[in-house]
Protein chains: 2
Amino acid sequence: MSLAPDHPIASPPPDGVEAPTVIDNTFLEGLVGYNARRAAIAVIGVFLERMAPYGFRVVDFSVLTLIAHNPGITSRQLSSTLSILPPNLVGMVRQMQSRGLIEKRPHPSDRRAQGLYVTPAGQRLQAETQAVVAALESDATDRLTEVERATLIQLLRKVYERDEPA
Amino acid sequence: MSLAPDHPIASPPPDGVEAPTVIDNTFLEGLVGYNARRAAIAVIGVFLERMAPYGFRVVDFSVLTLIAHNPGITSRQLSSTLSILPPNLVGMVRQMQSRGLIEKRPHPSDRRAQGLYVTPAGQRLQAETQAVVAALESDATDRLTEVERATLIQLLRKVYERDEPA
DNA sequence: TATTGTTATACTCTATAACTATA
DNA sequence: TATAGTTATAGAGTATAACAATA
């Protein structure tokens, strides 16, 4: 997951004006968005490695976890919470259904909608993968103290929680 | 850029067991990766809005900025620094060339490579867009103090700088 | 008239294979 | 034999339009 330049130029040019050997990236490195994106990419890279045995991407784990923690959640609610467009959820839900992890039941008060529920197998897999994610979170932030980790999350929330002061 | 659920269910179900109205997302919200990704998406959203007049995406600004700050940088160095695969850089470089923002010159010591340089027009546009980005960075983090902003960047770097302790 | 879930489709982003010219 | 730059292309991710059933 290293993003460092791994092929520096061997022979520097004679005068030192052309062809830089070490790249000045200070401006981008001073931006919150740049650093947040790189941190997210780094953590997600580890996530994908450890989740490969379960056939889960980040979004799959997120969907299964939200269904497990919110029995009866609708597709529209998943869509809003995870910022996934409804058409792009259809395939994921169908795949989890065919894997026997979740099931649909009629919504009690809205016949257009359907409640989503984990099956016992889905419940087990969710608990297992949640433990994996908790462990990887711990590993990914092992250079941070518990206080620093809490501070980091709090500061990140301050950045993206602008209109929704909940 | 709000990611909050904007269509809560109107009538709660009779027994309160089915069809949750408020979604429990506490597990995902406790993960650094989740929060870093949302912060990055929020900042990038504002970035795209303000850069639209210039026809720049994040990657276009990054490329032009690195060339301006590192005259003679090669395509391969851009590729490594920004984690963009070489084939995906070709079109961007060509487009900036046809916009008259950058130019290629022979590399002084390696005839396979080409040094990239900003033109005067490219230099002007880089300075202008860099000022826009600096302003948006300030706006995006206006809920943070200067100390908090520096702390945030430092903590993010601790997360993604694992092997490259530069 | 608006919303849920869905199909079909387009667009963007990212990744892989293979080629040339040079090292 | 390896690297810089390039072409062509494949795949994943994300977005829009439109529809039937229901509110």
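First the proteins, then the strands, lettered A, B, ... as listed; each starts at 1.
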Practice task
For S80(A) and R76(A), run side chain to side chain donor-acceptor pair (under 3.5 Å): C-alpha distance rounded to whole Å, both residues' side-chain angles, the deciding distance at 0.1 Å, then the answer.
Solution key: CA-CA 6 Å; S80(A) 294; R76(A) 187 65 182 80; 2.7 Å; yes
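The nearest whole Å value for the distance from the CG atom in N88(A) to the P atom in dA10(C) is 15 Å. With rounding to whole Å, Q77(B) atom CD is found 13 Å from dT3(D) atom C1'. Residue L85(B) contributes atom CG, which lies 16 Å from atom P of dA18(C) at whole-angstrom precision. Regarding I73(B), its CD1 atom lies at a distance of 13 Å from the P atom of dA4(D), rounded to whole Å. Rounded to whole Å, the distance from CG on L82(B) to P on dC13(C) is 15 Å. The distance from atom CD1 of I41(A) to atom C1' of dG13(D) is 14 Å, rounded to the nearest whole Å. Atom-to-atom, CG of D60(A) to C1' of dG13(D) comes out at 12 Å; the value is rounded to the nearest Å. Following rounding to the nearest Å, I84(B) (CD1) and dC13(C) (C1') show an atom-to-atom distance of 11 Å.
At a threshold of 4.0 Å, the pair R50(B)-D139(B) counts as salt-bridged, since one of the basic side-chain nitrogens sits closer than that to a carboxylate oxygen. Between E161(B) and R143(A) there is no salt bridge, since none of the side-chain N atoms of the basic residue sits less than 4.0 Å from a carboxylate O of the acidic one.
Under a 3.5 Å cut-off, the side chain of S79(A) and the backbone N or O of I84(A) do form a donor-acceptor pair. No donor-acceptor pair under 3.5 Å is formed between the side chain of N35(B) and the backbone N or O of R157(A).
Taking only side-chain nitrogens and oxygens, K104(B) never comes nearer than 4.0 Å to OP1 or OP2 of dA4(D). For the OP1/OP2 pair of dT6(D) and a distance below 4.0 Å, the side-chain nitrogens and oxygens of R76(B) include no atom meeting the criterion.
Of the listed nucleotides (dT6(C), dT14(D), dT14(C)), dT14(D) has the atom at the smallest distance from the side chain of R37(B). Here the nucleotide nearest the side chain of S75(B), chosen from dT14(C), dT7(C), dG5(D), is dG5(D). With distances taken from any side-chain atom of P87(B) to the nucleotides dT7(D), dT22(C), dT6(C), the minimum falls on dT7(D).
Checked by distance alone, R111(A) brings no side-chain donor or acceptor within 3.5 Å of a matching partner on the base of dT22(D). At a cut-off of 3.5 angstrom, counting only N and O atoms as typed in the model, there is no donor on one side facing an acceptor on the other between the side-chain of D110(B) and the base of dA4(D).
For R57(A) and R112(A), each mapped to the nucleotide of DNA chain D holding its nearest heavy atom, the one lying further toward the 5' end belongs to R57(A).
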